[in-house]
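Beneath this line is the structure, given in structure tokens, with notes to follow.
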Amino acid sequence: MGNVVVWAVWVLAAFACLGSGIAVVSFSNPFYSALSLIGNLASLAVLYLLLSAEFVAAAQVLVYAGAVMVMFLFVIAYLGGQADAPWAGGPSWQALGAIAASAALFVEVIVVIGLKSSGRLSHEPPTDVFFGRPYQIGQLFLTDHLLAFEITSIVLLIAAVGGVILGSHSRETQQ
């Protein structure tokens, strides 16, 4: 019975993740796209919980769905009505690229399900009892992946500064 519940939660979280991901790229209003991204990040957190990665799920919600998305929503609100103007009448190759990427991901999911059901993915790699614990994740962030961790923080800072600069330019043109 417990296995059925896990599969049901996985299916619901997977469809929520796919649906909110499609909503992120399909909404023309950036505010609704950002709210859909919050839903996507929350459904990813549920998938992390199903993988017994509780710390990663909590970090996903607190850091990304919380702090980063608050910053995104602040920038969108600061830009006001000018936020979706750059994509007005955009090229149709973006829609074709999104459809091609979605089809590639769908094929990948089908292949993985086929491999799993045939038993080719049945043996799991060995892990110790401390796998995925906050200490190990913090140690990896501050040793092996420090450069990527710091580059991400710099990119987020540049995005915030860019949003403020874009907002100040749009305010000057309106006056």
Side-chain angles (χ1 to χ4, degrees), residues 2 5-87 90 94 97-98 101-102 105-106 108-109 112 127-171:
V5 172
V6 169
W7 274 103
V9 170
W10 183 85
V11 167
L12 287 173
F15 279 119
C17 187
L18 289 173
S20 59
I22 291 169
V24 167
V25 296
S26 64
F27 283 134
S28 61
N29 188 337
F31 183 75
Y32 292 135
S33 291
L35 290 179
S36 298
L37 185 57
I38 292 172
N40 189 278
L41 294 172
S43 59
L44 282 175
V46 171
L47 292 174
Y48 285 137
L49 283 175
L50 291 174
L51 292 172
S52 298
E54 294 86 6
F55 179 75
V56 177
Q60 177 84 8
V61 171
L62 291 174
V63 174
Y64 293 112
V68 173
M69 289 310 300
V70 165
M71 183 186 69
F72 284 176
L73 289 172
F74 173 74
V75 170
I76 289 169
Y78 189 72
L79 291 176
Q82 302 293 325
D84 56 349
W87 287 275
Q94 290 175 340
S102 300
L105 285 174
F106 181 71
E108 184 178 351
V109 167
V112 168
T127 57
D128 59 353
V129 295
F130 299 110
F131 179 74
R133 299 290 184 238
Y135 172 77
Q136 279 190 329
I137 293 172
Q139 186 177 15
L140 285 174
F141 272 158
L142 297 175
T143 56
D144 297 342
H145 303 291
L146 181 64
L147 181 64
F149 187 69
E150 292 299 325
I151 288 174
T152 303
S153 65
I154 291 170
V155 167
L156 290 172
L157 177 66
I158 291 170
V161 170
V164 170
I165 290 171
L166 285 174
S168 67
H169 286 299
S170 68
R171 302 270 190 248

| Those residues that, when tested against Phe149, pass ring pair (Phe, Tyr, Trp, His ring centres under 6.0 Å) (two or more places apart) | Phe141
| Value rounded to 0.5 Å, distance of OG in Ser33 from CD1 in Ile38 |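 If I round to the nearest 0.5 Å, the distance is 11.5 Å.
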| said: Can you tell me how far apart CG (Leu51) and OH (Tyr48) are? Round to the nearest 0.5 Å. | reply: 8.5 Å
| said: Give me the atom names and distance for the closest heavy-atom approach of Val24 to Leu37. | reply: CG2-N, 3.3 Å
| field | Closest contact, heavy atoms only, Ala14 versus Leu47 | value | N-CD2, 4.4 Å
| said: Give me each pair satisfying side chain to side chain donor-acceptor pair (under 3.5 Å) with a member in residues 142-155, each pair once, sequence neighbours excluded. | reply: none
Could you list the residues that satisfy side-chain contact (heavy atoms from CB on, under 4.5 Å) with [X], not counting sequence neighbours?
| X | result |
| --- | --- |
| Leu49 | Glu54, Ala57 |
| Ile158 | Ile154 |
| Ala34 | Met69, Leu73, Ile76 |

| message | Applying side chain to side chain donor-acceptor pair (under 3.5 Å), can you list everything that pairs with Ser20, at least two apart in sequence or on another chain? | response |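 Here the qualifying residues are Asn40.
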